[in-house]
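What follows is a single structure, written as C-alpha cells, with notes after it.
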Number of protein chains: 2
Amino acid sequence: MYELFFQKFQEKVPLTDEEQEQIKAYLTPKKLRKRQYLLQEGEVCKAIAFVERGALREYSVDNGSEHILQFAIEGWTISDLFSFLTGEQATYNIDALEDAELVLITKGAHEELLKKQPKYETYMRLLITGAYIALQRRLTSNISLPVEERYTSFTEMYPDIAQRVPQHMIASFMGVKPETLSRIRKKMADRK
Amino acid sequence: MYELFFQKFQEKVPLTDEEQEQIKAYLTPKKLRKRQYLLQEGEVCKAIAFVERGALREYSVDNGSEHILQFAIEGWTISDLFSFLTGEQATYNIDALEDAELVLITKGAHEELLKKQPKYETYMRLLITGAYIALQRRLTSNISLPVEERYTSFTEMYPDIAQRVPQHMIASFMGVKPETLSRIRKKMADRK
DNA sequence: ACGTTTCATTGACAATAGTCAAGAGTGTTT
DNA sequence: AAACACTCTTGACTATTGTCAATGAAACGT
C-alpha cells in the first residue's frame with residue numbers, strides 16, 4: 001500500500017525505512033467511484049490527494065459551463081491548495097473520471113509532518129515547485145500558441161491522458177469549445 | 001538595505017536578528033537600468049531576483065512577438081525557476097521596465113541557505129505556494145472568462161501595475177493584441 | 001527644444017472561435 | 001431488444017479577435 005506514493009516521494013527525497021513508516025502513519029487511504037466527488041465548490045478542502053490508481057479532474061463552473069484546471073492520473077497529486085491551506089471555501093470541484101484509489105494527507109497530518117519531518121517539507125517544496133513550473137509553461141502556451149499547436153503539444157506531453165479522457169474535457173482543459181476541438185482535429189486529419 | 005526583502009520574508013517566516021544577519025550575508029544587491037536585461041533566453045538563470053524598487057517583466061518571444069508571463073514590482077520575486085534549478089537554458093527573458101534595485105539570491109547562496117537555514121526553506125516553500133495559487137487563478141480566468149472581464153479583474157487586482165505599465169504589455173500579459181485591448185477599453189468607456 | 005521612437009487609437013477586412021441545432025455512433029441499463 | 005445517456009461530428013450563422021495600415025499624441029534622448 002502506498003507504493004506509488006513513496007516511489008514518487010523518494011524520487012525527490014530519499015527516506016530511510018523508519019522515516020517511511022513514520023510518514024505512513026499520517027496517511028489515509030480512500031477509494032472513489034467514477035463520478036464521485038472528492039471536493040465540491042463551497043466546501044473546505046480537507047486533504048491533499050495523491051492518485052495511486054484511476055483518474056480525477058479539478059474544475060470550476062461558470063454559468064453552467066465547466067473549465068478543467070487539472071487532470072490527475074496515477075502518480076499525480078491534486079487538491080484545492082488555497083482552500084486547504086487557508087480553510088476558506090473551495091472554488092474548484094474535484095471528481096473521479098474513473099474508479100480511483102487515493103492517498104490522502106489531511107490538514108492535521110500536513111501540519112504535523114511539517115513540524116516533525118523536515119524531509120516532508122522538502123518534498124512539498126519540490127512538489128509545488130514542479131507544479132509551478134509546469135503551470136507557467138501551460139500558461140505561456142495558452143497566451144502564445146494557436147489552439148492547434150496547444151492541442152498537439154498536449155497530446156505529445158500527456159498521451160496517456162489524451163487517450164483516457166473524453167475529448168470535450170480536453171477542449172475544456174484547453175479553454176475552447178468541444179466543437180472547435182473537433183474541427184481542429186478534422187483539419188489536422190485532412191492534411192495527412 | 002534589503003528592508004523590503006526582509007519585511008516580506010518576515011510576513012511569512014519571523015526571524016531573529018542573528019538569523020537575519022546570517023541570511024543577509026548571502027544576498028547580492030544589483031541595480032538595473034530601464035531596458036536592461038536581467039536574463040536573456042538561452043543563458044542560464046543565475047539568480048532569483050527580489051524587487052526592492054522599480055519594475056521588471058518576464059516574457060517569451062515567439063515568431064518575433066512577445067508574450068509576458070509575469071510583471072514584478074516592489075516586493076515581488078522574479079526568476080526563470082526552471083533554468084535556475086536545473087542549469088538548463090532559459091526560455092524566458094527578464095528585463096527592466098523602470099530603473100530597478102534588486103536583491104539577488106544566487107544559485108550558490110540558495111543551496112547554502114537551504115542547507116543551513118531551515119527558515120529559508122520554509123520561506124521558499126510558502127513563496128512558491130503563493131505564486132502557484134495565483135497562477136492557477138490566472139489560468140482559470142484565462143480559460144473561463146471573456147477578455148473584458150479578464151481586463152477588469154486585472155486592473156482591480158493590480159491597479160498599480162495597470163498604471164505603471166504600457167497598455168500593449170497588459171494586452172500581451174492577457175494574451176490578446178494591443179488593438180483588441182484598445183477596442184475593449186473603448187467599448188467599456190462608451191457604456192458609461 | 002528638436003527630432004525620434006514608442007504608444008494608443010481607428011478603419012477595413014480576414015481569420016478564428018462560439019452558438020445553436022441536428023444526427024450518428026457507443027455503450028450501459030433495464 | 002429497446003430506451004437512454006453520452007460523445008463526437010457537422011452545418012449554418014454570429015461574434016470575437018487578428019492583421020495591416022495610417023494617424024496623432026506623448027515620452028525620450030541628446
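Chain identifiers are assigned alphabetically (A, B, ...) following the order of the sequence lines, protein sequences preceding nucleic acid strands; residue numbering begins at 1 within each chain.
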Query raised in the report: Parallel, tilted or perpendicular: which fits the ring planes of Tyr123(A) and Phe9(A), with parallel below 30° and perpendicular above 60°?
Result: parallel
Euclidean distance, atom [atom1] of residue [X] to atom [atom2] of [N] [Å, nearest integer]:
X	N	atom1	atom2	value
Glu66(B)	dC7(C)	CD	C1'	14 Å
Ile143(B)	dA17(C)	CD1	P	16 Å
Lys34(B)	dA27(D)	NZ	P	11 Å
Glu98(B)	dA27(D)	CD	P	14 Å
Asn63(A)	dG18(C)	CG	C1'	14 Å

Report task. Do nucleotides 3-18 of chain D as a string where each nucleotide becomes B, S or -: B if the base has a protein heavy atom under 4.0 Å, S if just the sugar-phosphate does, - if no protein is that close. Result -> ---SSSSBBB----SS
Query raised in the report: Ile105(B) and Phe50(B): same hydrophobic cluster, using ILVMFWY side-chain contacts below 4.5 Å?
Result: yes
Requested in this report: Please confirm whether the backbone N or O of Met1(B) pairs with a side-chain atom of Glu3(B), one donor and one acceptor, at under 3.5 Å?
Outcome: yes
Query raised in the report: Are the side chain of Thr155(B) and the backbone N or O of Thr152(B) linked by a donor-acceptor pair below 3.5 Å?
Result: yes
Requested in this report: Is it possible for you to check whether Arg57(A) lies under 6.0 Å from the centre of the six-membered ring of Phe173(A), through NZ or CZ, and within 45° of that ring's axis?
Outcome: no
Query - Residue Lys30(A) excluded, over 12 heavy atoms near NZ under 6.0 Å - result: no
